[in-house]
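Hydrogens, waters and symmetry mates are skipped; everything else that's a heavy atom, side chains included, is used.
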Amino acid sequence: MKSLKTNITSFLLFLPLVLLQAQGELKSVEGYSPKIGVMVYMLEDLKDRITEQVKDLDQSQVDFLYDDNANSVGALIMHLVSTESYYQIATLEGRQWTKEELARLGVAGEINEKVKSILRGKPITYYLDLWDEVREKTLKGLKTKDDAWFSANMEEGLNYHYIWYHVMEHSANHMGQIATIKNRLPK
């Protein structure tokens, strides 16, 4: 059992790290309607946290599979790119992917063995740069919308707010998977 002194020392050493990461409140990002601004804050926070987790990975770490059923970090980031791009185009532009967009951005809409084999040998910057490109377009599109649009239904029982909530929670889920992969990287 650790001594009280060891526990207190550990807590005091760890506290600054916690405080640096803690935001304490969700804020609406300026330039967006209030509800969309909060969603933008959450989307950006998650993207920043995922990027921080992966930005320094080398090629073997980006492509690492800890078992035959696992996904690589690269495939998961590309999956986030594909998901955001799909919903961005559907909700903000009201259309489907073009063939060119599908080939470039939609490749990991579903991760399967074929996709896993395609998404090998690309550096982490490849995936992060694509995500930056897609996010820039998302943010630009969301600036043109208001909270009435955000609350409106895209189709019966499915509003735009929920769709973007799904994009946000999707990132959070895969952030956890990426952390698991990083914990299993060979030392």
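- Of all non-hydrogen atoms in G106 and W97, the two that sit nearest each other are CA-CH2, 3.4 Å.
- Under the 4.5 Å side-chain criterion, counting only non-hydrogen atoms from C-beta, K55 is not in contact with I124.
- Using a 4.5 Å cut-off on side-chain heavy atoms (C-beta onward), D129 and E133 make no contact.
- For the residue pair Q177/N173, the side-chain donor-acceptor check at 3.5 Å is not satisfied.
- Taking CG of L65 as the start and CG of D67 as the end, the distance is 8.0 Å to the nearest 0.5 Å.
- A side-chain donor-acceptor contact under 3.5 Å links H79 to the backbone of A108.
- Rounded to the nearest 0.5 Å, atoms NZ (K145) and CG (L142) are 9.0 Å apart.
- Among all heavy-atom pairs drawn from Y127 and P123, the shortest one is CD1-O, 3.5 Å.
- Side-chain contact between Y66 and T180 is present, with heavy atoms from C-beta onward closer than 4.5 Å.
- In this structure, T144 contributes its side chain and G141 its backbone to a donor-acceptor pair below 3.5 Å.
- With K122 contributing its side chain and G74 its backbone, the two residues share no donor-acceptor pair below 3.5 Å.
- At least one side-chain heavy atom of S171 sits under 4.5 Å from a side-chain heavy atom of L80.
- Distance check, rounded to the nearest 0.5 Å: CD of E84 to CH2 of W131 gives 7.5 Å.
- Side-chain atoms of D63 and V73, non-hydrogen and from C-beta on, never get closer than 4.5 Å to each other.
- Of all the heavy atoms in I111 and A75, the pair that sits closest is CD1-O, 3.7 Å.
- Note that the OG1 atom of T125 and the CG atom of L130 stand 10.0 Å from one another [nearest 0.5 Å].
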Query raised in the report: Does the side chain to side chain contact (heavy atoms under 4.5 Å, CB included) test come out yes or no for V62 and Q59, once each step is laid out?
Result: CA-CA 5 Å; V62 172; Q59 192 60 57; 4.2 Å; yes
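- More than 12 heavy atoms of other shown residues, nucleotides or ligands fall within 6.0 angstrom of atom CD in E93.
- Of all heavy-atom pairs between D45 and R49, the closest is OD2-NH1, 2.8 Å.
- Residues I89 and E101 approach most closely at CD1-OE1, 3.6 Å, considering heavy atoms.
- Once rounded to the nearest 0.5 Å, the distance linking CD of Q88 with NZ of K137 reads 5.0 Å.
- Using a 4.0 Å cut-off between a side-chain N of Lys or Arg and a carboxylate O of Asp or Glu, K47 and E52 do not qualify as a salt bridge.
- Ion pairing between E44 and K27 fails under the 4.0 Å rule for side-chain N and carboxylate O.
- Atom OG1 in T138 sits 12.5 Å away from atom CE in M39 (nearest 0.5 Å).
- Residue pairs that meet the side-chain hydrogen bond (donor to acceptor under 3.5 Å, both in side chains) test with at least one member in residues 146-167, sequence neighbours left out, are S33-D147, T91-W164, H166-E169.
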